Amino acid sequence: MSKSLLISNGAYEPKQVEDKIYKLWEDSGFFNPDKLPKRHKKPYTIVIPPPNVTGELHIGHALNATIQDILIRQKRMQGYKTLWLPGTDHAGIATQNVVEKKLIKEGKSRFDLGREKFIEEVLRWKEEKGNIILTQFKKLGSSCDWSRTRFTMDKNYEEAVKEAFLQYHKKGWIYQGKRVVNWCKRCATSLSDLELEYAEEKGKLWHIKYPVKGGGSIIVATTRPETMLGDTAVAVNPKDERYKKLIGKVAILPLVNREIQIIADESVDKDFGTGAVKVTPAHDLNDYQIGQKHKLESIQVINEMGKIMGEVLSGYQGLKVLEAREKIVSELKSQNFLEKEEDYTHQVPKCYRCNTTIELIPSLQWFLKMDKLAKLAENPVKSGKIKFHPKSFQKPYLDWLKNVKDWCISRQIWWGHKIPIEGEESVLDTWFSSALWPFAAMGWPDKNASDLKNFYPTNVLSTARDIVNQWVARMIFSGLEFTKKIPFEDVYIHATVLTREGQRMSKSLGTGIDPLKFVDEFGADATRFGIAFQIMGNQDMKFVTDNILMGKKFCNKIWNASRFVLGQIDSKMIEIKKPTGKLSLVDKKILKSLEKTIKSVNRDLNLFKFGKACHALYDFFWHDFCDKYIEESKKQNNQLPAQAEKTKNILTYVLLNSLILLHPFMPFITEEIYQQIPIKNLPAGRHGKKECIMIEEWPN
RNA sequence: GGACGAUUAGCUCAAUGGCAGAGCAUCUGCUUUACACGCAGAGGGUUGCAGGUUCGAGUCCUGCAUCGUCCACCA
């Protein structure tokens, strides 16, 4: 039945092959390293970067899945005991938002349900939708060990998170404190610096006159006049000649009539604005530091809803920030405190999950001290134990660590790991748990967990560059802190996939493209090959369908070349031998070309040069094998019987080797054809018998 | 403000300092028994701009322009 498919169909039909072949692989058990034949000894591990459960697959995921599957399949064929461990991340804020949106449609808020019911709702949603992304990976042919699938909210994983928190706590690296933090009023939670996105906004720079006690005045410039309700000082640069005589005097806060100090601080830039800055320790990071240094009072005037609080000035309480801004500007104007109003474009921080403008407010939060951990993350990269590919990502990584602030690890949402302390309602930043992934997914903190013993540390991490600091750095220091081992050796940062127009692919922009559309139209192999073909080492990759079309045509070429070769040997069982003895010029040429291709593909894959390997395979198979050797072989067939036999052997030998080399890139079609070659005996395999091309021996 | 990357055919991309190529698209001719998802061919380029080094520059150096990304952020 299946044999006739190859012999009779002149066009490759992926739909008739893919599900069948994926089932064959799953039935074989070879995705699971414990079930690989005994000859697979040395472990090789990739842990899948846990895609967040709200995620829908876009080309970027397909790119990463393809890269990892190429690596893991090649290593499996090389005889490694390969584990590709899949899983998903609970993605606290993102998931909570999705479920909240769903509730809003039903006319409810999460507060109507209460915490427990709400979490049940999230779990229900996760059961229903959370694994979609993993089935999408299967469609692409990813050879993950699904029996080991992990989720960051599993019971065991939860234990790991708790243990990590307690160990940090024991060392005194976790502290609770009231700090000015990034606050998203929509999500009602604190955010770390890495969770902000900046958007350029046109605003104004207002110059406001603050009278000085005893005569005169000082003019400050600000983009946020409403925060003046919380001003507790005016600061100037100590070297600024214009203001030297005012240092130490007292200014009167307009409208509020509070007396505030005029102080000197190095951090003030003489050349910006008027060179004098109003200091609001409660609502600005830099002002907070100035406030600490000069022991200034901190007056909070904006609450967690983004509204004015307190009775600093009557008529303001309960106003939204922007309303207060408008009102205060008009009052300053009418009372002649406004000196100047100029247009000013600046970067405004936004929540990376819901795009709401971030407020800076003082809040009681949990922090993880970063000084020692940053060093831990630095060392292995500096010493070369962990290598970035491309290398250029090393510098920004180290720069970030050099200046990193303590990590605010608490979030005021409901979906996440509760901070393990009595009475605590906050949950941990999702990245706190993601940081433990390589070892927690393998059973840590149980030191006797067999996966942890056998497969940790892992070999390669492949990920996107926008989470190098957010995730990679944190995995490295967590790994070293808790297991004393680096969690992986190679960090491969893949290209960011852009649209043809050069736009980022994202759901919110409506620019995301679902790769399954291409799997459906062109086949999984064509999609993978088309994507891999384009990986040329650039940091961006404009996605075009052309290459996938090429992949489809290439599949067809492979299919038909195989039909031709198998047609030559009829259906009798054959032995495929390494060609020896007297060979013709064309014979020698194709064999030499095969050797060259094997060498270059091996070299390129070792260097993560996937596109180059694809080009070499494409050129070899199409131009050298099909255009030249197969055409030439048609003539040789008319010659002496002995020569014809030799030619048939070379045809099958080169075809088999080509299929093996192509398998990591195009797993389905190569497996399908391999299954149909009537092989009696294999030349290369250490095992000597035919099973799956997936575990066939890789040529070196 | 700092760092990095990109700029080559209509599009997406290649090219250890040595004759600028591929895929897609376009055009011409082929129903040649593996493949029309194919075969044989053709057209299409002042390699972003201006200098410099060199016998020789797409490639190295300097400056500029445009685009992109990350980091920091000035109130």
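Naming convention: chains lettered A, B, ... in sequence-line order (proteins, then strands); numbering from 1 in each chain. The structure presented is a predicted model; accordingly, all values stated were derived computationally and were not measured.
- Separation of the P atoms belonging to G41(B) and G23(B) is 12 Å when rounded to the nearest angstrom.
- Partners of Asp343(A) according to the side chain to side chain donor-acceptor pair (under 3.5 Å) rule, which considers only residues two or more places apart in sequence or in another chain, are Lys204(A).
- Nucleotides A40(B) and U31(B) place their P atoms 15 Å apart, quoted to the nearest Å.
- Counting atom types as modelled, Glu631(A) pairs a side-chain N or O with a base atom of A34(B) as donor and acceptor under 3.5 Å.
- Not a single ring-ring contact (aromatic ring centres under 6.0 Å, His included) links His623(A) to another residue, sequence neighbours left out.
- Evaluation of the side chain to side chain donor-acceptor pair (under 3.5 Å) rule for Ser267(A) yields Asp265(A) as partners, not counting sequence neighbours.
- For the pair Ile548(A) CD1 and U12(B) P, the computed distance is 16 Å after rounding to whole Å.
- With sequence neighbours excluded, no residue forms a salt bridge (charged side-chain N to carboxylate O under 4.0 Å, His left out) with Glu326(A).
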Legend entry - Pair assignment for RNA chain B - dot-bracket with | for other-strand partners, Watson-Crick or G-U under 3.5 Å: (((((((..((((....[..)))).(((((.......))))).....(((((..]....))))))))))))....
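- Backbone-only contact: Tyr344(A) has heavy atoms under 4.0 Å from sugar-phosphate atoms and none from a base.
- The separation of U8(B) from G68(B), taken at their P atoms, amounts to 15 Å, rounded to a whole angstrom.
- For Arg465(A), counting side-chain heavy atoms from C-beta on, the closest listed nucleotide (U69(B), C35(B), A14(B)) is U69(B).
- The C1' atoms of A57(B) and A50(B) are separated by 15 Å, rounded to the nearest whole Å.
- Closest to the Gln347(A) side chain, of the nucleotides C35(B), G5(B), C73(B), is C73(B).
- Shown here are the ring-ring contact (aromatic ring centres under 6.0 Å, His included) partners of Phe665(A), two or more places apart in sequence or in another chain: there are none.
- Spacing of P atoms, U62(B) relative to A6(B), comes out at 15 Å, to the nearest Å.
- Among C73(B), A75(B), C37(B), the nucleotide with an atom closest to any side-chain atom of Tyr198(A) is C73(B).
- Environment of NZ in Lys293(A): crowded, with over 12 heavy atoms of neighbouring residues, nucleotides or ligands closer than 6.0 Å.
- Rounded to whole Å, the P atom of U33(B) lies 23 Å from the corresponding atom of U28(B).
- Heavy atoms of Asp271(A) sit nowhere under 4.0 angstrom from any nucleic acid atom.
- Lys612(A) comes within contact range of no nucleotide atom at all, as no heavy-atom separation falls under 4.0 Å.
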Inset, instruction - Quick one, give me the B/S/- string for nucleotides 21-33 of chain B, reading 5' to 3', where B means a protein heavy atom under 4.0 Å from the base and S means that only happens at the primed atoms, P, OP1 or OP2. - result: --BB---------
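- Candidate nucleotides U12(B), G38(B), A34(B) were compared by shortest atom distance to the side chain of Trp622(A), and G38(B) ranks first.
- Comparing A75(B), C71(B), C35(B) by their closest approach to the side chain of Asn560(A) singles out C35(B).
- Summarising the geometry of Tyr674(A) relative to Leu659(A), their closest heavy-atom pair is N-CD1, 4.3 Å, with the distance given to 0.1 Å.
- Looking at heavy-atom distances under 4.0 Å, Thr223(A) makes contact with sugar-phosphate atoms alone, never a base.
- Partners of Lys15(A) by salt bridge (charged side-chain N to carboxylate O under 4.0 Å, His left out), not counting sequence neighbours, listed by chain and number: Asp520(A).
- Taking atom P on both G10(B) and C4(B), the two are 32 Å apart, rounded to the nearest angstrom.
- At a threshold of 4.0 angstrom between heavy atoms, the contacts of Asn286(A) are confined to the sugar-phosphate backbone, with no base atom among them.
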In a table with atom names and distances, give each donor-acceptor pair under 3.5 Å that connects a side chain of residues 272-283 of chain A to protein atoms at least two apart or in another chain.
from, atom 1, to, atom 2, distance (Å)
Thr274(A), OG1, Ile219(A), O, 2.5
Thr274(A), OG1, Ala276(A), N, 3.3
Thr274(A), OG1, Ala276(A), O, 3.4
Lys278(A), NZ, Thr227(A), OG1, 2.7
Lys278(A), NZ, Asp231(A), OD1, 3.0
Lys278(A), NZ, Thr280(A), OG1, 3.1
Thr280(A), OG1, Asp231(A), OD1, 2.8
His283(A), ND1, Leu360(A), O, 2.7
His283(A), NE2, Val301(A), N, 2.9
His283(A), NE2, Ile302(A), N, 3.2

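- A ring pair (Phe, Tyr, Trp, His ring centres under 6.0 Å) with Tyr492(A) holds for exactly one of Phe610(A), Phe388(A), Phe393(A); it is Phe610(A).
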